Amino acid sequence: GGARYKDPRQPLNRRIEDLLARMTLAEKIGQMSQIERENATADVVRGYFVGSVLSGGGSVPAPQAPAEAWVEMVNEMQRAAMSTRLGIPMLYGIDAVHGHGNVYKATVFPHNVGLGCTRDPELVKKIGAATALEVRATGIPYVFAPCVAVCRDPRWGRCYESYSEDPRVVQQMTSSIIPGLQGEIPANGRRGAPFVAGQRNVAACSKHYVGDGGTTRGINENNTAASFHELLGVHMPPYYSAVIQGVSTVMVSFSSWNGVKMHANHFLVTDFLKNRLRFRGFVISDWRGLDKMTSPEHDDYITSVKLGILAAIDMVMIPYTYTEFIDDLTALVRNGTIPMSRIDDAVRRILRVKFTMGLFEDPYGDPSLAGELGKPEHRELAREAVRRSLVLLKNGKPGQKPLLPLPKKAGRILVAGSHADNLGYQCGGWTITWQGLGGNNLTAGTTILNGIKRAVQDHGTEVVYSESPDAGFVQRNKGRFDYAVVVVGEPPYAESFGDNLNLTIPEPGPSVIRVVCGGGIRCAVVLVSGRPLAVEPYVGAVDALVAAWLPGTEGEGVSDVLFGDYGFTGKLARTWFRSVEQLPMNVGDARYDPLFPFGFGLGLETQ
Ligand SMILES: OC[C@@H]1[C@@H](O)[C@H](O)[C@@H](O)c2nc(CNc3ccccc3)cn21
C-alpha cells in the first residue's frame with residue numbers, strides 16, 4: 001500500500017512514527033513478544049502479531065536440517081507475519097556464539113575464551129562476517145551474540161563465552177566482532193545508532209547486561225557484588241564499545257547487581273544504558289527472564305512484568321507462556337500502571353532496528369546463500385583462528401631440548417586421551433544442542449587425532465591411537481614410541497551445568513597423563529577446556545603443555561602448530577591460577593600469584 005512507513009525513501013523516524021500511529025495496543029505488545037520456534041505456527045504468529053521468534057539452544061526444524069529447510073521454516077513464519085493488517089515483518093533470532101553452532105555442518109569457530117588469546121581484532125572481524133553469512137544461509141537475520149561478559153572467576157559455567165578477564169581485551173574483540181556481524185558503519189554514518197549494512201549481515205546482540213561475569217564464586221545467574229566504580233571499570237566498558245559500533249540489541253543478564261535483579265534494574269537499563277550511553281536499539285530479556293526475577297520463579301508474575309517493562313526491557317523472550325505475558329501487559333497498560341509512552345518507546349526501538357536492517361524491504365531468507373554454510377573458506381578461517389588461539393605453556397623439561405615442534409618424521413607415535421578423537425568435546429557447549437555433545441557424528445569437522453594423522457601421513461610415521469592406554473601397554477611399548485600426544489580436558493557444558501568449584505581435570509585425564517607421561521614416553525599434553533584448570537600437579541611430569549581451549553570443528557589448527565607449520569602466538573587472556581583457593585584472582589590484583597600470568601605464552605624457538 002501507499003502507507004508512508006512502507007516507503008524506504010522516507011526518513012527513518014517518519015517511517016517509525018507513521019507506523020506507530022497506526023498500531024493498536026495488541027499490535028504493539030505483539031512486537032514486544034519473542035516466542036520459541038516450536039510454538040510459532042502461522043496462526044500464533046498472525047493471531048498475536050508476534051514480532052520475533054527464536055531458536056533456543058538446539059531448537060532446529062529437524063535433526064541435521066539443511067540450510068534450505070531452515071530458510072523454508074523461517075519464511076513460513078514470515079509469510080504469516082507479513083499477512084497481518086500492517087504487515088510488520090518478524091525478526092528471527094538464534095545463538096550463533098561460535099559460528100552458527102546450532103546448525104548441522106556449519107563452521108564451528110573457537111569459543112571466545114580462545115579468540116581472546118589471539119589478540120587479533122582483524123581475525124575476529126572476519127569471523128563475524130563469516131558467521132553472518134552462515135546465519136543468513138539459513139534465512140536468519142539476528143544473532144544473540146557477542147557475549148561481552150568479562151569473566152572474573154573461571155568457576156563460572158559460561159567463562160568460555162567470555163573473551164577475557166581484562167575489559168580492554170573484551171572491548172577490542174567486541175569492537176571487531178560487531179562490525180564483522182553487522183557490517184562497518186560508513187565513515188559518514190551515525191555512530192551509536194543501530195546499524196546493519198545489508199542482507200549479508202545480521203543484527204547483533206551484546207550480552208548479558210551487565211556484570212554477568214562477576215558473580216560470587218562464578219555462580220551462574222547469581223549476584224555481582226561490586227561498587228558502581230568497579231561495575232563501570234570492569235563490566236561496563238564493552239557496552240560503550242558495543243553502542244559506539246552500532247550494536248542493534250542488548251540482552252539483559254539473569255544476574256543481579258548488589259541484590260537487584262538486572263531484569264528489574266531501571267537505573268542501569270534506562271538511566272545508564274538508554275539515557276547516559278544513549279543506546280538507541282532495543283533491550284531484550286533473557287529466556288524467561290521475567291519469571292526468574294522472583295524465587296520461586298513466576299511468583300507474582302504480573303509484578304515481574306511491571307518491573308521488567310518499566311526498567312525498560314523492550315522485547316521479552318517469552319518462549320512458551322506468551323499469552324500470559326500479553327494478557328498481563330495489556331492489563332497493566334489498560335489500568336495505567338504502565339504508561340503508553342513506555343510501550344511506544346519499546347516499539348519505536350524495535351521498529352528502528354527492523355527498518356534500519358532493511359527487514360521491511362527484505363523480510364524473507366535468500367536461498368541463494370545456502371552455499372555459505374560450512375564453506376571451505378570459512379573452515380580455513382576457523383583453522384587459522386584455532387592456530388592463533390593456542391597457548392604454549394611449557395616446552396621442554398629443565399636441561400632437555402624442547403619437545404615442540406614435533407617431528408613429522410618419526411618411527412611411531414602414540415596419541416592418547418579422551419579428547420583426541422572427539423569432535424563434540426572439542427566444540428564444547430552451544431553446538432548442535434544447548435549443552436553440546438560427545439562423539440564424532442554430531443556435525444562435519446576434523447578431530448585433533450585426524451589432524452595429527454594428516455600432518456604425518458607422507459612421512460612414513462605410524463600413528464597408534466589409544467584413548468586410555470594402561471600402564472602395562474606403556475611399559476611394554478615405551479621404547480617403541482618416539483613421543484606421545486595426550487589430549488584431555490572438560491566435557492561440553494552450557495550455563496549452570498558448567499559451574500564448577502574444584503576445576504580439576506576430569507578423570508580419566510589425569511590417569512592418562514600419569515600413565516603415558518610418567519611411563520617414560522616424552523609427551524605433549526593438549527588441554528581442551530573452557531577455562532584454565534588445576535594443572536600444577538602435572539606440569540612437572542609433562543614435556544610440553546598446550547592450552548587449546550574449545551577449538552571447534554577445525555582440529556587441524558591444533559596439529560598445524562604442534563608440528564611447527566605455524567608458530568605459537570597465543571597469549572593468555574585469563575590468569576592461570578595455581579589452586580582454586582586463590583579465586584577470584586585477576587591481572588592487576590594486589591595479591592597475584594598465578595601458575596601462568598595473564599599475557600603469558602611461549603613461542604617455538606624455531607619460529
Ligand atoms: O538461547 C537464548 C538465550 C541465550 O541467548 C542466552 O545467552 C542464555 O542465557 C539462554 N539461556 C537459555 C535457556 N535455554 C534453555 C534451553 C533448553 C531448555 C531450557 C533452557 C536461553 N538463552
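Keep in mind that this is a model prediction, so the values were computed, not measured. For the numbers below, each heavy atom of this structure counts, side chains included, while hydrogens, waters and symmetry mates do not. Ligands are counted one by one from 1 in listed order, and the atoms in each one are counted from 1 as well. Numbers for residues simply follow the sequence, beginning at 1.
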Check: Considering residues, nucleotides and ligands other than Glu297, do more than 12 of their heavy atoms fall under 6.0 Å from its CD?
Finding: yes

Next item on the list: Examine distances only and state if a side-chain atom of Arg352 and a backbone atom of Arg280 form a donor-acceptor pair shorter than 3.5 Å.
Entry: yes

Notebook entry, point to check: Among side-chain atoms of Ser253 and Asp212, is any donor-acceptor pair under 3.5 angstrom?
Noted result: no

Next item on the list: Please determine which of His98, His378, Glu134 meets the side chain to side chain donor-acceptor pair (under 3.5 Å) test together with Thr107.
Entry: Glu134

Item checked: Sole candidate of Arg342, Arg348, Gln31 that passes side chain to side chain donor-acceptor pair (under 3.5 Å) when paired with Asp314 -> Arg342

Notebook entry, point to check: Between Phe272 and Tyr209, does the ring centroid distance fall short of 6.0 Å?
Noted result: no

Next item on the list: Write down, by chain and number, every protein residue that brings a non-hydrogen atom to less than 4.0 Å from an atom of ligand 1.
Entry: Leu54, Gly56, Gly57, Asp95, Phe144, Arg158, Lys207, His208, Met251, Phe254, Asp286, Trp287, Met317, Trp430, Trp434, Glu495

